[in-house]
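Notes follow once the structure below has been shown.
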Amino acid sequence: MNVAGRPGRARLRDRLAASDPGLLRLTAALRTVGAIALTLAVLASLGFGVTRLVAGAMTAMVATFAIRERQRGAQAVTLALGLPVALASVSLGAVLSERTVVGDAFFVVLIFCAVYGRRFGDRGTGLGLIGFQVYFVSLFVGAAADRLPGLWAAMTVAFASSALVRFAVVPVAPAGLLQRLRQAFRARLAQLVSAQLTLLDAGPDEMDKALEEVREGNARLHETALMIQTRLEEGTPDESAARLVQRRIADAEIAAERLGLLLLSARSAERADTLTLHLPGAPAPEVGRLPGPEEATDRLRRDLLALRALVLRTGVPGTGLARVRNRLLAYRDGENLPPASPAVQDVFRALGETARAVMGLRIALDGPQDESDDSPATARSREELDAEDAAIDAGEEAEPDATRTGLRRPTTRAAVQVAVGSTLAIIGGELLSTDRWYWAVLTCWIVFINTASTGEILVKGYRRLLGTVFGVAAGIALAAVVGRSTLAAFLLVLVLIFLMFYTAPLSYTLMSFFVTAMLGLLYTLLHTYSWEVLVLRLEETALGAACGVAAAALVLPVRTDRRTDELLVTVLERLGEVAEAAVGQLSGGPADDLLDKARELDQALGDLRGATQPLTHPVTPLRARRTNARYVVALLETCAYHARSLAATAELLPTHPSIAADPRLRGAAGRTVRNIGTITARVAGEDVSAPVETGPSIASLLGDDRSARYGRITGRVLRHLERLDEAVVGLARPLDVPVSTPDR
């Protein structure tokens, strides 16, 4: 059962799957480099000059990364529409190159239309990108009217090459992508178990680092789970199968996170708060050796290793794995628990629950398995899983999103802002250079992409400038290395483009670094390279970032506080919906689509986490504000974890033998739901005077009779409800919501 004995190729595949879920970054990089390489090969064989080679390469890059749709048919339509858009854009760029005022005015209009086109979805976004970027290409290569036929031919070859690579050389089928995402989930789940092993053996001086690894493992596992959920409808044969996979992914994620929490609690002298796993930088609690005999610690270490092997070797048959699975699943029912403290025995029970989740995931992904070696405990777990599978009900339709109109629409506001910023960038850029002023416009355009507030634009502009500074130095070095070798320069350009697209989702600074280094090589190919050109590139970048920030701050501004407050209200509303629906179902109410509600909560929380980056960035001067923002997001992640757990448990009704509805729960947990509503109203600016309520624990409100005629609620449900109640009350203080003190 030693994982180290697995073939090296399998270990490498698991590491790659975990670092790049679905191989999305690798696919994007390979497609782009492949399209450029094919374009260069065709154009070079036809005898095209360096200028057209550069134009074709840049067009192939644009035609590849601008396509956003997931369905192959939609991608083909956008690509086909993109070619006439590109030809028209380069033609206008060439014709207007000698008419400065008219050309600049048209460029601003084009920028407005390209950003406004985002309101029409992925196709509008893609065509807008193609129109803007190809106009930029015409400026970069100095397009003129007499050179248009050659440029048209180069761009046509570029689009054809992009289509060939996308649909034939590096195709991505929805089912294949989903399969790779599933492999990534398994690999990241195994990494999380490895981090928990480190947590088990870490000494007092190593706990902070070990705890940080567990936090990172939880976050990466959750990220992959969300990626899978967004691809389920396209990559699974029917809606019921999609919901089954969604359910099993959620079960595995919740079980693994709970295992880490219980392990941390068992090692600490006092109960470890769930917030400890969600607040970055939070100190680890004081810990000692695992209480109880050393035998329990050794067995726990062995069983964590066995669980990791069970995850990694999910598709490998054999009686060895069957014995491991049977042993772990027996812990669920309290069988073969070691003589140890209750906290340590809870860890072993959590091991059993995680093993059950892994088995359910295997059945959902790989189909029915050999049951000949099942123990009674394993057989019971299979029966529970079968009953849950049979109870899954698909067919819920999503409610249409409310849309904004006029200048309140984000795309309209962004289009106005970027048009104003680009106008400033054109004026300032031409004062710096009448030939390469367009670099300022490009930077202004880029800092607005995928941003929604002034703070986000400021952070993105800072990162682009930082990457450009280092990229200028790299460009100087690379230009000196390649000299005037066209082949060496193009090969290095391909390497830099691959690195640019592979690192783009990870670090915008790194992406900017590789872009700037690549441009140094392109200038070398065009015989326009000089130290002054690269310094000018840095100056234009700084100017464009400043113009973008100025436009965002002065024209229809969306302050970071306002943006985060809007997203915070959305998160709280989703949290209230999940909590109320889960409590209602656990109280005997009608079944609801809880997993979809939980996914909407996770997506809203992800949007909030991204919007708070300007507040939590290391260079933020307001330290207290940064601490408060990180604390609020961590508390909301804690609330989301408990809400997901309640939703998953509620969906077990009525198939699970140890969970039954209890009508008393609605009244006992009603305080939590009301508190969420109170905080939501206060953050939204409504005139609400009611404070957040505190009082007796939910367990005490249910009374002592846990086996009433309505059935019993498991201790786990109570713990999640009480932790959710505590976390919601904890949100009140940083959000300036008054809290009532119960009368004694």
Side-chain angles (χ1 to χ4, degrees), residues 212 215-216 218-220 222-223 225-227 273-282 410 413-414 417 447-464 466 505-509 545 548-549 552-553 557-576 578 598-644 676 679-685 727-728 730-737:
E212 191 59 38
R215 289 191 190 113
E216 182 180 351
N218 284 328
R220 298 180 74 186
H222 184 58
E223 173 195 25
L226 286 179
M227 293 174 71
D273 197 315
T274 317
L275 181 62
T276 308
L277 288 182
H278 297 136
L279 182 58
R413 181 175 59 244
Q417 288 176 327
V447 297
F448 273 94
I449 295 177
N450 297 326
T451 54
S453 70
T454 306
E456 291 178 74
I457 291 170
L458 179 61
V459 170
K460 193 170 184 180
Y462 158 78
R463 289 172 174 167
R464 183 169 182 83
L466 184 64
L506 301 178
S507 171
Y508 186 71
T509 302
V549 172
V558 177
R559 307 294 182 191
T560 302
D561 288 347
R562 173 185 162 191
R563 168 72 174 164
T564 53
D565 283 348
E566 290 177 350
L567 293 174
L568 177 57
V569 169
T570 302
V571 172
L572 290 169
E573 289 174 346
R574 300 293 179 267
L575 176 64
V578 175
R599 182 177 66 177
E600 291 171 1
L601 168 61
D602 289 333
Q603 291 172 338
L605 185 54
D607 292 339
L608 175 64
R609 193 183 301 109
T612 57
Q613 285 186 1
L615 303 177
T616 59
H617 196 274
V619 300
T620 301
L622 304 176
R623 304 297 182 186
R625 196 176 175 198
R626 181 178 70 179
T627 301
N628 193 64
R630 292 174 65 184
Y631 184 69
V632 168
V633 172
L635 272 174
L636 287 170
E637 289 177 344
T638 294
C639 292
Y641 162 70
H642 292 297
R644 283 197 305 270
I676 296 173
I679 296 174
T680 304
R682 291 294 292 262
V683 174
V728 170
L731 277 169
R733 183 174 58 190
L735 296 178
D736 294 326
V737 180

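Remember, predicted model here, so these are calculated numbers, not experimental data.
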Close side-chain approach of Lys460 and Arg463, heavy atoms under 4.5 Å: no

Exercise: identify the closest heavy-atom pair between Ala640 and Leu605: CB-CD2, 4.0 Å

Distance-minimising heavy-atom pair for Leu575 and Ala643: CD1-CB, 3.8 Å

Heavy-atom side-chain proximity of Cys639 to Ile676 below 4.5 angstrom: no

Non-hydrogen atoms of Thr564 and Ala611 that approach each other most closely: CG2-O, 3.7 Å

Atom pair CZ/CG of Arg563 and Asp607 - distance to nearest 0.5 Å: 6.5 Å

Partners meeting salt bridge (Lys or Arg N to Asp or Glu O under 4.0 Å) with Arg644 (sequence neighbours left out): Glu253, Glu257, Asp602

Rounded distance [0.5 Å steps], CD in Gln603 versus CG in Leu226: 6.5 Å

Closest heavy-atom pair and its distance - Val728, Ile679: O-CD1, 3.4 Å

Gap separating the CG atom of Leu568 from the CG atom of Leu636, nearest 0.5 angstrom: 6.0 Å

Heavy-atom side-chain contact between Tyr631 and Arg733 under 4.5 Å: yes

Distance-minimising heavy-atom pair for Gly548 and Val447: CA-CG2, 4.3 Å

Rounded distance (nearest 0.5 Å) linking atom CG of Asn628 with atom OG1 of Thr612: 11.5 Å

Residue list, salt bridge (Lys or Arg N to Asp or Glu O under 4.0 Å) with Arg609, at least two apart or on another chain: Glu637

Taking every non-hydrogen atom, the tightest pair across Thr570 and Ala604: CG2-CB, 4.0 Å

Residues Glu223 and Arg220 bridged, charged N to O under 4.0 Å: no

Euclidean distance, Thr680 OG1 relative to Leu572 CG, rounded to 0.5 Å: 4.0 Å

